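One-based numbering, in listed order, for ligands and for the atoms of each. In this chain, numbering begins with 1 at the start of the sequence shown. Worth knowing before you read on, the calculation uses all heavy atoms, side chains too, and leaves out hydrogens, waters and symmetry mates. No experiment lies behind these values; they were computed from the predicted model shown.
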Amino acid sequence: MRDIDKIYINGQFITPEGTDILQLFNPATEEKIGTVRLGNADDTRAAIAAAKRAFPAMSRTSKADRIAMLHRLSAAVRARTDDLTAAMTDEYGAPAYFTGFSVQNTASIFDVMAETVENYTFDRQAGSSAVKMLPLGVMAAITPWNSNFGFIATKLAHAIGSGSTVVIKPAEQSAIQTQILLECLHAADLPAGVLNVVNGLGPVVGAELTTHPDVASVSFTGSTAAAKIIQRAAIETMKRVVLELGGKGPTIVLDDADLDRAIPVALMSGFANSGQACVAGTRILIPLSRCDEILARLKSEAEKLKVGNPGDPDVRIGPLVNERQWQRIQSYIELGKQEGATVLTGGEGRPDGISRGWFVRPTIFTDVTNDMRIAREEIFGPVLSVITYCDDDEAIEIANDSDYGLQAYVLSADTTRALAVADRLIAGRVIINGAPHDPHAPFGGFKQSGIGREIGAYGLDEFLEPRAILVPTW
Ligand code: ADP
């Protein structure tokens with residue numbers, strides 16, 4: 001049992017004014033593993049005030065100062081890899097392959113930002129004017145539960161890289177993970193007030209952050225529905241918003257694909273992070289000419305994926321985060337059937353042999369058309385839709401026919417052909433043939449997948465504004 005009863009303001013762990021308590025559970029066992037005491041609007045205002053006080057000094061830090069802070073953060077995260085991994089396993093239920101990636105990635109986010117700062121030109125010249133890229137002010141960061149460490153690290157890295165200060169509101173149900181990460185970040189000894197973290201509810205802490213006049217920008221990762229509330233709220237005080245939202249990624253299997261390689265990639269692009277990923281490839285587009293063969297392979301390979309205890313290194317799909325998500329996935333599986341789709345594998349209920357924990361059966365629907373709700377809405381669980389196409393043009397048309405545009409996947413034996421298809425896709429990232437994660441690639445989406453980009457100079461640009469100084473030459 002772990003009781004999280006502190007928030008982090010001005011470089012100190014303090015008891016919040018808020019008194020509401022939220023229970024925390026292990027999703028694989030349904031057992032209660034802790035509690036978190038939630039901050040309220042007063043706590044949020046105190047955090048914003050601390051960030052505001054720290055901003056003038058932070059905004060004037062040199063490149064070397066920021067790089068040193070980022071390297072300290074990366075080292076502090078690496079120093080507690082085991083604790084971070086354990087917290088992510090217990091509280092979130094992520095399989096071992098995913099916790100391993102996530103914890104390493106969290107540290108590397110700070111290193112990549114240090115590189116970005118090193119190479120970024122803050123002082124520029126435009127005509128005869130001197131231009132300096134200045135931070136906007138206090139940043140508010142609001143993050144979700146499906147990759148708690150990575151999102152907190154990304155937001156903090158952008159704050160430091162740009163010379164901003166930040167108040168972070170993580171997902172309240174990830175409080176144990178947040179606490180361990182925060183202990184690491186605290187050990188990095190940032191100047192007081194540069195980082196502040198308030199656990200709390202979206203409509204309380206999040207709402208205060210998105211309306212407060214002393215907050216200059218909001219960096220949000222989460223659902224498109226919450227983003228719409230946030231963006232409306234932010235308009236009153238003209239905050240810059242950077243939004244990284246949902247997706248309904250297409251995975252295009254071209255007709256020349258080598259199925260031995262393509263099928264496992266297509267499945268894990270859809271089922272990664274137990275399907276709780278905005279970047280997931282949840283619409284698998286397959287050529288009609290190879291339909292039977294591909295469906296047989298999808299079914300047999302999917303049924304080999306091990307679902308269960310996240311501590312087991314062979315497990316590929318863990319539990320969903322909580323009962324609410326479990327119910328949501330059940331209702332989407334039911335919806336798919338009502339819409340006329342056919343269950344190729346999976347279906348409602350828990351997998352065979354599992355009687356507790358928020359595990360679902362990895363499910364693949366066939367006979368799906370792109371106008372069905374299961375093909376248009378983000379389900380956020382291991383539920384995939386297979387859609388057939390006649391030729392590459394039609395595959396591209398279906399892929400782009402979505403309200404979202406976050407991440408797409410192309411699988412082909414011919415990289416040149418895959419690149420030609422990728423070039424016509426409307427997505428923030430296109431992954432060809434299961435290419436590995438690139439920590440330098442810009443991240444974000446088109447259409448309702450978001451506004452703006454994170455990572456590298458693209459990410460830094462979002463939190464900077466140019467100031468030009470014009471001097472007479474006579
Ligand atoms: P989910 O429903 O899967 O938790 P959300 O998009 O609602 O996804 O949550 C992502 C983050 O946004 C969480 O930290 C959540 O508390 C926060 N949030 C939700 N609603 C609001 C809101 N109205 N204003 C600000 N933040 C919000």
Side-chain angles (χ1 to χ4, degrees), residues 4 7 16 18 20 22 24-25 27 36 38-41 43-45 47-48 91-94 139-156 166-179 181-182 196-212 215 217-237 239 241-248 273-280 319-329 331-332 358 377-381 404 406 445 448-451 454:
I4 313 298
I7 54 175
D20 288 351
L22 186 85
L24 303 168
F25 297 91
V36 53
L38 302 174
N40 63 16
D43 296 311
T44 313
R45 285 191 281 272
I48 295 168
E91 188 181 43
Y92 179 53
M139 177 198 294
I142 301 176
T143 60
W145 43 260
N146 66 320
S147 184
N148 180 65
F149 299 147
F151 291 126
I152 291 177
T154 301
K155 311 295 185 208
L156 176 59
V166 64
V167 179
I168 303 180
K169 190 214 89 64
E172 58 277 13
Q173 58 272 67
S174 308
I176 295 175
Q177 295 165 82
T178 299
Q179 177 65 25
L181 181 63
L182 208 40
N196 307 274
V197 178
V198 183
N199 290 313
L201 301 179
V204 179
V205 175
E208 185 64 28
L209 286 172
T210 50
T211 50
H212 198 290
V215 171
S217 64
V218 180
S219 178
F220 171 78
T221 300
S223 65
T224 300
K228 289 179 184 177
I229 299 171
I230 287 168
Q231 198 177 6
R232 282 192 196 102
I235 276 184
E236 269 321 302
T237 46
K239 299 185 199 322
V241 295
V242 177
L243 306 172
E244 194 273 286
L245 311 177
K248 194 72 194 177
N273 197 2
S274 308
Q276 302 174 117
C278 49
V279 294
L320 299 181
V321 71
N322 57 30
E323 183 180 7
R324 187 174 68 122
Q325 289 303 112
W326 192 87
Q327 295 293 359
R328 176 187 160 91
I329 299 327
S331 63
Y332 268 107
W358 304 122
E377 298 176 13
E378 185 176 53
I379 296 175
F380 227 62
Y404 294 110
L406 188 61
Q448 292 192 35
S449 287
I451 295 178
E454 295 184 307

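Between the CZ atom in Arg328 and the CG atom in Leu320 there is a gap of 10.5 Å [rounded to 0.5 Å]. Rounding to the nearest 0.5 Å gives a distance of 10.0 Å between CG of Leu209 and CG of Asn196.
With sequence neighbours excluded, the residues forming a ring pair (Phe, Tyr, Trp, His ring centres under 6.0 Å) with Phe380 are Trp145, listed by chain and number.
There is no side-chain donor-acceptor pair under 3.5 Å between Lys169 and Thr44.
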List of N/O pairs, ligand 1 versus protein, all under 3.5 Å?
residue  : atom   : partner : partner atom : Å
ligand 1 : 2 (O)  : Arg324  : NH2          : 3.4
ligand 1 : 3 (O)  : Trp145  : NE1          : 3.2
ligand 1 : 4 (O)  : Trp145  : NE1          : 3.1
ligand 1 : 6 (O)  : Ser223  : N            : 2.7
ligand 1 : 6 (O)  : Ser223  : OG           : 2.6
ligand 1 : 14 (O) : Thr143  : O            : 2.8
ligand 1 : 14 (O) : Lys169  : NZ           : 3.1
ligand 1 : 16 (O) : Lys169  : NZ           : 2.9
ligand 1 : 16 (O) : Glu172  : OE1          : 3.3
ligand 1 : 16 (O) : Gly202  : N            : 3.4
ligand 1 : 24 (N) : Gly202  : O            : 3.4

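Considering Thr178, Asn199, Leu22 in turn, Leu22 is the only one that fulfils the side chain to side chain contact (heavy atoms under 4.5 Å, CB included) rule with Glu172.
Within the 4.5 Å cutoff, no side-chain heavy atoms of Leu406 are placed close to those of Lys248.
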